Amino acid sequence: MTAGIGRPRRLPVAFFARDATVVAPELLHKLLRVGSGRAAIDARIVEVEAYTQDDPASHSFRGVTARNAVMFGPPGRLYVYFVYGMHHCVNIVTGASGDGQAVLVRAAVMDGIDPRRSNGPGKLTVALGIDRTHDGARANLLDDGAPSPAAAVTPRIGITKAVDWPRRWVAPWPGPEVGHVGS
DNA sequence: AATCTGATCGTG
DNA sequence: ACGATCAGATTA
């Protein structure tokens with residue numbers, strides 16, 4: 001992806017301490033950094049989905065459980081879960097502690113990685129090497145001054161409840177269409 | 001204890 | 001359109 005446009009600034013916890021529907025679109029084109037030092041991998045976020053507690057499709061809808069506990073914890077942490085017996089998905093926890101909400105990172109662009117290898121929630125975690133051991137870890141989001149894209153809000157993907165809620169934001173994608181589950 | 005259902009992805 | 005594959009949540 002493009003080299004640093006500005007000096008990367010780490011987003012403060014306050015950034016995440018707001019409603020998921022507000023934070024989600026602002027996460028577009030921010031960098032999600034995994035690892036540190038020379039092992040650090042950056043992913044420029046290009047597709048997100050917001051999940052709040054009042055959302056029937058959210059894992060937090062029915063209250064705290066062992067799996068979703070992190071969603072109810074402090075903002076700015078990673079909520080990682082395992083689904084379909086084979087895929088991991090990463091979320092950035094938002095809102096105040098006690099409020100179960102998060103933003104699912106559905107796609108990102110990575111330097112030297114074929115976009116088709118990171119254009120889906122499950123594929124992205126593989127590309128970033130994220131698994132359940134990252135659940136609850138502090139998220140490392142960077143703002144390198146990349147211009148904010150004109151976020152397009154659309155219905156969500158891959159869920160069966162409240163599908164129509166406009167809580168999915170997609171940024172211009174440099175390669176082939178995002179995902180294959182068109183809408 | 002048993003059943004059901006996925007915030008997905010690759011293949012047919 | 002469908003199967004893979006299993007953990008977590010729900011129901012009995």
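Letters A, B, ... are given to chains in the order of the sequence lines, protein chains preceding strands, and every chain is numbered from 1. Values in this document were obtained by computation on a predicted structure and should not be read as measured data. As a basis for the values below, the full set of heavy atoms in this structure was taken, side chains included, without hydrogen atoms, waters or symmetry mates.
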_Consider side chain to side chain contact (heavy atoms under 4.5 Å, CB included). Of Val170(A), Leu104(A), Asn119(A), which one does Glu47(A) pass it with?_
Val170(A)

Choosing from [options], which nucleotide comes nearest the side chain of [X]?
X: Pro121(A); options: dA4(C), dC9(B), dC6(C); result: dC9(B)
X: Met86(A); options: dT8(B), dT5(C), dG8(C); result: dT5(C)
X: Lys123(A); options: dA4(C), dA7(B), dC9(B); result: dC9(B)
X: Thr65(A); options: dA7(C), dA9(C), dA7(B); result: dA9(C)
X: Met71(A); options: dA7(B), dA7(C), dC9(B); result: dA7(B)
X: Phe82(A); options: dT8(B), dT5(C), dC6(C); result: dC6(C)

*Both distances under 3.5 Å, Watson-Crick or G-U wobble: report the partner of dT10(C), or none.*
dA2(B)

*Nucleotide forming a Watson-Crick or wobble pair with dA7(B), both distances under 3.5 Å*: none

Take atom [atom1] of [X] and atom [atom2] of [N], then tell me their distance rounded to the nearest Å.
X: Asp114(A); N: dC9(B); atom1: CG; atom2: C1'; result: 15 Å
X: Ile92(A); N: dA7(B); atom1: CD1; atom2: P; result: 18 Å
X: Arg116(A); N: dT11(B); atom1: CZ; atom2: P; result: 12 Å
X: His59(A); N: dT5(B); atom1: NE2; atom2: C1'; result: 10 Å
X: His87(A); N: dT8(B); atom1: NE2; atom2: C1'; result: 4 Å
X: Arg156(A); N: dT8(B); atom1: CZ; atom2: P; result: 11 Å
X: Tyr81(A); N: dA7(B); atom1: OH; atom2: P; result: 6 Å
X: His88(A); N: dA7(C); atom1: NE2; atom2: C1'; result: 11 Å

*Closest non-hydrogen atom pair, Gly73(A) against Val93(A)*: O-CG1, 4.0 Å

Taking atom [atom1] in both [N] and [M], compute the distance separating them and give it to the nearest angstrom.
N: dA7(C); M: dT11(B); atom1: P; result: 24 Å
N: dT8(B); M: dT10(C); atom1: C1'; result: 22 Å
N: dA9(C); M: dC9(B); atom1: C1'; result: 23 Å

Describe the nucleic acid contact of [X] in one word from base, sugar-phosphate, nothing, applying a heavy-atom distance below 4.0 Å.
X: Gly85(A); value: base
X: Ile159(A); value: sugar-phosphate
X: Arg167(A); value: nothing

*Would you check if Tyr51(A) stacks with the base of dA7(B), given a 5.5 Å centroid limit and a 30° plane limit, both strict?*
yes

_Crowding at CZ, Arg10(A) (>12 non-hydrogen neighbours, <6.0 Å)_ = yes

*Report yes if at least one side-chain N or O of Arg106(A) is closer than 4.0 Å to OP1 or OP2 of dT8(B); otherwise report no.*
yes

*Verify the contact: side-chain N or O of Arg62(A) to OP1 or OP2 of dA9(C), cut-off strictly under 4.0 Å; return yes or no.*
no

*Answer whether the closest heavy-atom distance between the side chains of Ile41(A) and Met110(A) falls below 4.5 Å.*
yes

_Joint cluster assignment, Phe61(A) & Ile157(A), ILVMFWY side-chain distance < 4.5 Å_ = no

*Check whether NZ of the Lys or CZ of the Arg Arg18(A) lies under 6.0 Å from the centre of the six-membered ring of Phe15(A) and within 45 degrees of that ring's axis.*
yes

